Amino acid sequence: MQADVKLTAEQVMEARHSVRKYDPNAEIPREELNEILRLAATAPSSWNLQHWRFIVVTDRAKKEQLLPIAYGQQQVVDAFATIIVLGDLEADKSARPVYDDALAKGYVTEQVREMMISQIEETYRNNPQIARDEAIRNASLAAMQLMLAAKAKGYDTCPMLGFDSNALIQALNIPPRYIPVMMITVGKASVAARPTARFGLDQLVIENSF
């Protein structure tokens, strides 16, 4: 598939599969990679706090450093980019910048701004479990959107949870504010993804209540 082929949303969802073998010589122009990241960042988030941050690793030596951290999964090296999706454990600190900007642009009133900030601060106060849940939940929304955006532009991805989080934090100097949620490899497949079977809706959908 060429990067300039336009797919519908439905076609993108159907076409996306987890690719584990990449062409190490295939490159993604920086403007296209930035557009994928921009689209990923349009994902929804609780209170619009935008809990995600992206570490984009394209340097070959740095990707080689990730290899043992990812338990030898060669895709982190061969893909053009390995993106580490982080979740913000202190997303409440973004409340004032987010709602100050919203007020300045006329999106909210002063009253709504104060109400939202108060609500966020109260929810996060002395509640590390909520902070962690929100970080992972919202960063995962952006991660899924990143994979769909990449596929829409003709690139392949794979979400990865198999890595040593503590080693990753040390290797990339990740501050305590952020938690690694997943790695996503992005590039061009050298081998097509394996087909996968899916449950039917009769096994997945519960109408109204169990």
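Since we're looking at a predicted model, the values are computed, not measured.
- Between the CD1 atom of Ile28 and the CD atom of Glu35 there is a distance of 13.0 Å, given to the nearest 0.5 Å.
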Worksheet item: Does the side-chain contact (heavy atoms from CB on, under 4.5 Å) test come out yes or no for Asp78 and Lys21, once each step is laid out?
Response: CA-CA 7 Å; Asp78 291 343; Lys21 293 187 182 298; over 6 Å; no
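- Cation-pi check for Lys188 over Tyr22 is not met; the charged atom does not lie both under 6.0 angstrom from the ring centroid and within 45 degrees of its normal.
- Across all non-hydrogen atoms, the minimal contact from Val19 to Ala193 is CG2-CB, 4.0 Å.
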Practice prompt. Take Glu32 and Tyr155 through the test side-chain hydrogen bond (donor to acceptor under 3.5 Å, both in side chains) and record every step on the way to the result.
Written response: CA-CA 10 Å; Glu32 279 199 283; Tyr155 299 107; 2.7 Å; yes
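- To the nearest 0.5 Å, atoms CD1 (Ile179) and CZ (Arg132) are separated by 3.5 Å.
- The two residues Ala167 and Asp164 make their nearest non-hydrogen contact at N-OD1, 3.0 Å.
- Taken to the nearest 0.5 Å, the CG atom of Asn138 stands 10.0 Å off from the CG atom of Asn48.
- Val85 approaches Ala143 most closely through the heavy-atom pair CG2-CB, 4.2 Å.
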Worksheet entry | From CA spacing to verdict: side-chain hydrogen bond (donor to acceptor under 3.5 Å, both in side chains), Trp47, Gln119 | CA-CA 9 Å; Trp47 295 293; Gln119 188 180 96; 2.6 Å; yes
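- Salt-bridge formation is detected for the pair Lys151/Asp156: a Lys NZ or Arg NE/NH1/NH2 atom is positioned less than 4.0 Å from an Asp or Glu carboxylate oxygen.
- No continuous path of ILVMFWY side-chain contacts below 4.5 Å connects Leu146 to Leu141, so the two sit in separate hydrophobic clusters.
- With a 4.5 Å cut-off on side-chain heavy atoms, Ile169 and Pro180 count as touching.
- Using a 4.5 Å cut-off on side-chain heavy atoms (C-beta onward), Tyr178 and Leu89 make no contact.
- At a cut-off of 3.5 Å, with distance as the only test, no side-chain donor of Asn166 or Gln170 sits close to an acceptor on the other residue.
- Residue Leu66 holds its CG atom at 8.0 Å from NZ of Lys62, rounded to the nearest 0.5 Å.
- Annotation: side chain of Val76 is in contact with side chain of Thr185 (closest heavy-atom distance under 4.5 Å).
- One hydrophobic cluster holds both Leu33 and Ile184 under the rule that ILVMFWY side chains link at heavy-atom gaps under 4.5 Å.
- Val57 and Phe54 fall into different hydrophobic clusters, where Ile, Leu, Val, Met, Phe, Trp and Tyr are joined by side-chain heavy atoms under 4.5 Å apart, directly or via other members.
- The nearest pair of heavy atoms linking Val56 to Ala81 is CG1-CB, 4.4 Å.
- Residues Ser18 and Pro159 share a closest heavy-atom pair of OG-CD, 3.5 Å.
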Practice prompt. Check the pair Thr42 / Gln145 against side-chain hydrogen bond (donor to acceptor under 3.5 Å, both in side chains), numbers first and verdict last.
Written response: CA-CA 8 Å; Thr42 66; Gln145 197 144 304; 2.6 Å; yes
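- Residues Leu86 and Ile174 meet the side-chain proximity criterion, which asks for heavy atoms closer than 4.5 Å.
- Between Glu31 and Arg38 no salt bridge is recorded (no basic side-chain N to carboxylate O distance below 4.0 Å).
- For Tyr71, the OH atom counts as densely surrounded, since its 6.0 Å shell holds more than 12 non-hydrogen atoms of other residues, nucleotides or ligands.
- Few gaps surround CZ on Arg177; more than 12 heavy atoms of other groups in view lie less than 6.0 Å from it.
- Within the 4.5 Å cutoff, no side-chain heavy atoms of Gln73 are placed close to those of Met183.
- A heavy-atom distance below 4.5 Å is found between the side chains of Glu90 and Asp92.
- Counted within 6.0 Å of CD on Glu114, heavy atoms from surrounding residues, nucleotides or ligands total more than 12; the atom is thus considered enclosed.
- Taking 4.5 Å as the limit, some side-chain heavy atom of Glu121 sits within range of a side-chain heavy atom of Arg96.
- Residues Met182 and Trp52 fall within the same hydrophobic cluster, defined by Ile, Leu, Val, Met, Phe, Trp and Tyr side chains chained together at heavy-atom separations under 4.5 Å.
- One distance of note links CD of Glu64 with CG of Asp59; it measures 10.0 Å at 0.5 Å rounding.
- Within the 4.5 Å cutoff, side-chain heavy atoms of Ser46 are placed close to those of His51.
- No donor-acceptor distance shorter than 3.5 angstrom exists from the side chain of Ser118 to the backbone of Met115, with no hydrogens or angles considered.
- Counting all heavy atoms, side chain and backbone alike, Val186 lies closest to Ile83 at CG2-CD1, 3.9 Å.
- Hydrophobic clustering of Ile, Leu, Val, Met, Phe, Trp and Tyr side chains at less than 4.5 Å, counting indirect connections, unites Leu161 with Ile136.
- When the shell of 6.0 Å around CG of Asn126 is examined, it contains 12 or fewer heavy atoms from other residues, nucleotides or ligands.
- We find the CD-CG distance between Gln111 and Leu103 to be 12.0 Å, quoted to the nearest 0.5 Å.
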